[in-house]
Amino acid sequence: MSVLKIENIHKRFGKTEVLKGVTFEMNKGEVVAILGSSGSGKTTLLRCINFLEKADAGKIYVEGVPVFDAQSKAKISAGQIRKNQLNFGLVFQSFNLFPQYNVLDNVMLAPKLMAKERKDYKANKSEILAEIKKDAIEMLTRVGLEEKLQNYPCELSGGQQQRVSIARALVLKPKVLFFDEPTSALDPELTGEILKVIKNLAMNKTTMIIVTHEIEFAKNVADRIIFMDDGVIAEDGTPEEVIDNPKNNRTRAFLNKFNELR
Amino acid sequence: MASMTTWEIVCNLFEGFYQNGLIFILTLIMAIPLGLVITFGSMSNFTPIKILPKFQPIKWVSKTFVWIIRGTPLMLQLFVVMYAPGMLFDIPIKSRMTAVLIAFVINYAAYFSEIYRGGIESIAKGQYEAGQVLGMTKSQVFFKVILFQVIKRITPPMSNEIITLVKDTSLARIVGIAEIIMSAERFTKSGLIWPLFSTGIYFLLFNGILTLLFGYIEKKMSYYN
Ligand SMILES: Nc1ncnc2c1ncn2[C@@H]1O[C@H](COP(=O)(O)OP(=O)(O)O)[C@@H](O)[C@H]1O
Ligand SMILES: [Mg+2]
């Protein structure tokens with residue numbers, strides 16, 4: 001069964017329709033890369049799926065269960081909204097770490113707040129907190145930051161900050177992890193370390209959707225590539241199909257432009 | 001009065017300064033939270049903190065209130081609070097101190113609310129969004145992520161405003177509170193000028209301590225930028 005299914009998502013900002021009916025589904029363990037020129041609606045799509053924007057039409061299912069239906073008038077409880085939210089993790093282009101917390105606390109903050117709602121929190125507080133800390137350190141070690149636990153975000157390079165934000169998202173064990181151009185805010189020499197981390201996650205069968213302009217990378221890590229154009233999915237297939245043999249003219253034009261740049 | 005010793009004069013001025021200190025501290029205690037209420041009013045359609053309902057009139061009432069309070073002299077506001085209730089509604093304000101506190105609290109709450117608003121609006125939207133996608137509730141995001149950053153941002157302008165408040169307390173003399181400058185003026189009338197000039201020292205020392213305190217707080221929060 002598909003882990004994520006989105007159906008006919010529409011979104012407009014004022015007069016401009018940014019998403020004009022986006023539909024796709026993906027399986028557990030799959031890695032999907034989304035390509036597309038600037039302004040084609042990639043960020044908006046990710047934001048709609050992650051509830052940062054409310055889609056005007058469409059449905060979202062997680063493991064077959066509807067988590068969003070634009071038509072539905074039913075009021076969803078705050079608790080349910082959070083539960084839906086936690087199906088997904090999102091890594092932002094601009095990291096958005098919490099500047100006042102050190103690396104470890106950035107990663108532990110959300111799990112700690114969540115643990116407070118557990119019924120056994122009072123009784124097992126110290127074990128629960130120790131567990132959270134262990135998980136956080138494990139995650140930070142996975143992204144190569146075990147030496148930086150006590151540092152503040154402002155003391156880290158952009159690449160290190162982005163790795164913290166990946167660990168912060170991973171520690172909540174989302175069913176799908178989204179990346180919105182995770183390397184676009186980085187100096188070129190720092191993109192490699194992020195791509196390596198993502199590649200590592202892919203090898204460990206983490207379900208991911210990655211919006212990126214790194215075509216070579218997408219081809220390497222993704223099981224599937226979606227090409228977005230002007231608010232719709234113009235092409236959806238294996239890297240070989242989409243990148244090596246694009247059917248769509250716009251995809252071809254987009255890829256040619258990238259090839260010229262190199 | 002002319003027969004008072006220097007020490008007695010200093011003590012007398014100190015009693016006057018006690019009134020300034022009292023106005024200062026009570027104004028702060030009340031204006032700091034009231035300012036936040038006004039902020040939530042003028043930001044009632046700001047999505048991340050919808051404490052008050054999204055209701056345009058609340059926003060405009062708050063904004064008009066801030067405009068009037070910031071746009072007129074505090075001295076005039078003191079007169080209005082002191083005399084208007086008695087003249088318009090026949091319910092004179094019994095205690096001068098109450099009138100002074102009402103005027104000061106309203107005035108400073110309006111200024112503080114604008115500082116808070118600036119601080120809250122300066123926090124990047126991404127901070128709220130990061131909190132949300134990590135499954136935090138709105139109030140968790142506000143109290144665990146946003147608030148501290150706002151406090152750090154507003155400490156310098158708040159220090160400024162608070163130091164201004166110390167000096168403004170001497171305005172209370174116009175409605176007859178025997179604060180330090182009014183106390184000193186009694187000596188001036190009997191030909192002794194130095195007590196009046198010496199009042200500056202009280203203000204300087206008090207503000208000096210506040211400056212050190214705020215410097216310390218700012219330093220404490222400067223571990224990140
Ligand atoms: N909050 C918004 N308000 C108005 N227009 C927006 C907003 N967010 C995005 N847009 C517009 O939607 C279009 C698609 O944007 P975006 O999803 O960021 O594209 P991409 O990520 O593919 O570059 C752009 O034309 C952009 O200007
Ligand atoms: Mg984008």
Side-chain angles (χ1 to χ4, degrees), chain A residues 43 46-47 49-54 77-103 105-117 150-156 164-165 168-174 176-178 180 185, chain B residues 36 40 44-55 115-116 118-159 214-225:
Chain A
T43 296
L46 257 52
R47 291 174 60 83
I49 301 175
N50 281 277
F51 312 107
L52 293 174
E53 303 284 357
K54 192 175 172 297
S77 71
Q80 189 59 46
I81 290 174
R82 287 180 74 193
K83 233 176 106 190
N84 294 343
Q85 186 85 61
L86 285 166
N87 287 312
F88 307 132
L90 175 61
V91 173
F92 298 86
Q93 188 175 337
S94 51
F95 332 134
N96 294 342
L97 294 179
F98 306 134
Q100 73 268 43
Y101 295 119
N102 67 27
V103 165
D105 288 335
N106 259 280
V107 177
M108 292 197 303
L109 180 64
K112 272 183 172 171
L113 291 171
M114 225 159 335
K116 277 188 187 156
E117 286 162 23
Q150 306 303 326
N151 286 81
Y152 287 90
C154 63
E155 300 164 338
L156 303 180
V164 176
S165 93
R168 184 175 71 170
L170 277 174
V171 84
L172 295 168
K173 306 199 168 51
V176 185
L177 181 56
F178 295 80
D180 189 7
Chain B
L36 201 56
F40 289 148
S44 62
N45 54 3
F46 177 63
T47 37
I49 43 159
K50 249 186 255 156
I51 308 287
L52 294 172
K54 179 174 175 172
F55 185 51
I115 295 177
Y116 300 158
I120 292 173
E121 283 175 351
S122 75
I123 305 300
K125 202 172 83 191
Q127 292 288 303
Y128 294 94
E129 294 183 344
Q132 187 194 326
V133 298
L134 291 169
M136 295 184 208
T137 62
K138 273 201 166 140
S139 77
Q140 284 172 341
V141 172
F142 187 74
F143 287 105
K144 297 288 177 180
V145 175
I146 306 300
L147 187 59
F148 186 85
Q149 297 182 50
V150 172
I151 291 173
K152 180 176 155 100
R153 295 266 168 95
I154 67 173
T155 299
M158 283 296 280
S159 323
F214 288 126
Y216 173 78
I217 294 172
E218 273 180 48
K219 193 147 176 266
K220 273 274 160 194
M221 291 191 294
S222 69
Y223 67 87
Y224 80 87
N225 53 38

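Letters A, B, ... are given to chains in the order of the sequence lines, protein chains preceding strands, and every chain is numbered from 1. Bear in mind that the values here come from a model prediction, so they are computed numbers and not experimental data.
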Given side chains that start at C-beta, do those of B:Gln132 and A:Asn50 come closer than 4.5 Å, heavy atoms only?
no
What part of A:Phe98 gets within 4.5 angstrom of chain B, counting heavy atoms only: side chain, backbone, both, or neither?
both
Decide side-chain contact (heavy atoms from CB on, under 4.5 Å) for B:Gln140 and A:Met114; before the verdict, give the C-alpha distance in whole Å, the side-chain angles of both, and the deciding distance to 0.1 Å.
CA-CA 10 Å; B:Gln140 284 172 341; A:Met114 225 159 335; over 6 Å; no
Report yes if the side chains of B:Lys152 and A:Pro99 come closer than 4.5 Å at any heavy-atom pair, otherwise no.
no
A:Leu113 versus chain B, heavy atoms under 4.5 Å apart: side chain, backbone, both or neither?
both
I would like to know whether A:Asn96 and B:Tyr128 meet side-chain contact (heavy atoms from CB on, under 4.5 Å); could you show each step before the answer?
CA-CA 9 Å; A:Asn96 294 342; B:Tyr128 294 94; over 6 Å; no
Let's test your reading of the structure: which of A:Ser165, A:Ala169, A:Ala110, A:Pro153 forms the most heavy-atom pairs below 4.5 Å with chain B?
A:Ala110
Just jot down the salt bridge (charged side-chain N to carboxylate O under 4.0 Å, His left out) partners of A:Arg47, sequence neighbours excluded, or say none.
A:Glu53, B:Glu129
Considering only heavy atoms, which portion of A:Lys112 lies under 4.5 Å from any heavy atom of chain B: side chain, backbone, both, or neither?
neither
Below 4.5 Å from any heavy atom of chain B, which atoms of A:Leu97 appear? Answer side chain, backbone, both or neither.
backbone
In Å and rounded to the nearest 0.5 Å, what is the CD to OH distance from A:Gln100 to B:Tyr223?
6.0 Å
For A:Phe51, is it the side chain, the backbone, both, or neither that has a heavy atom closer than 4.5 Å to a heavy atom of chain B?
both
For residues A:Leu109 and B:Leu134, determine if any side-chain heavy atom of one lies less than 4.5 Å from a side-chain heavy atom of the other.
no
When only pairs under 4.5 Å are counted, which of B:Asn225, B:Val145, B:Ile146 shares the most heavy-atom pairs with chain A?
B:Val145
Any heavy-atom pair between the side chains of A:Tyr101 and B:Lys144 that's under 4.5 Å?
yes
Contact check, side chains of B:Val133 and A:Phe92, non-hydrogen atoms, under 4.5 Å:
yes
Under 4.5 Å to a heavy atom of chain B? For A:Gln93 that would be neither
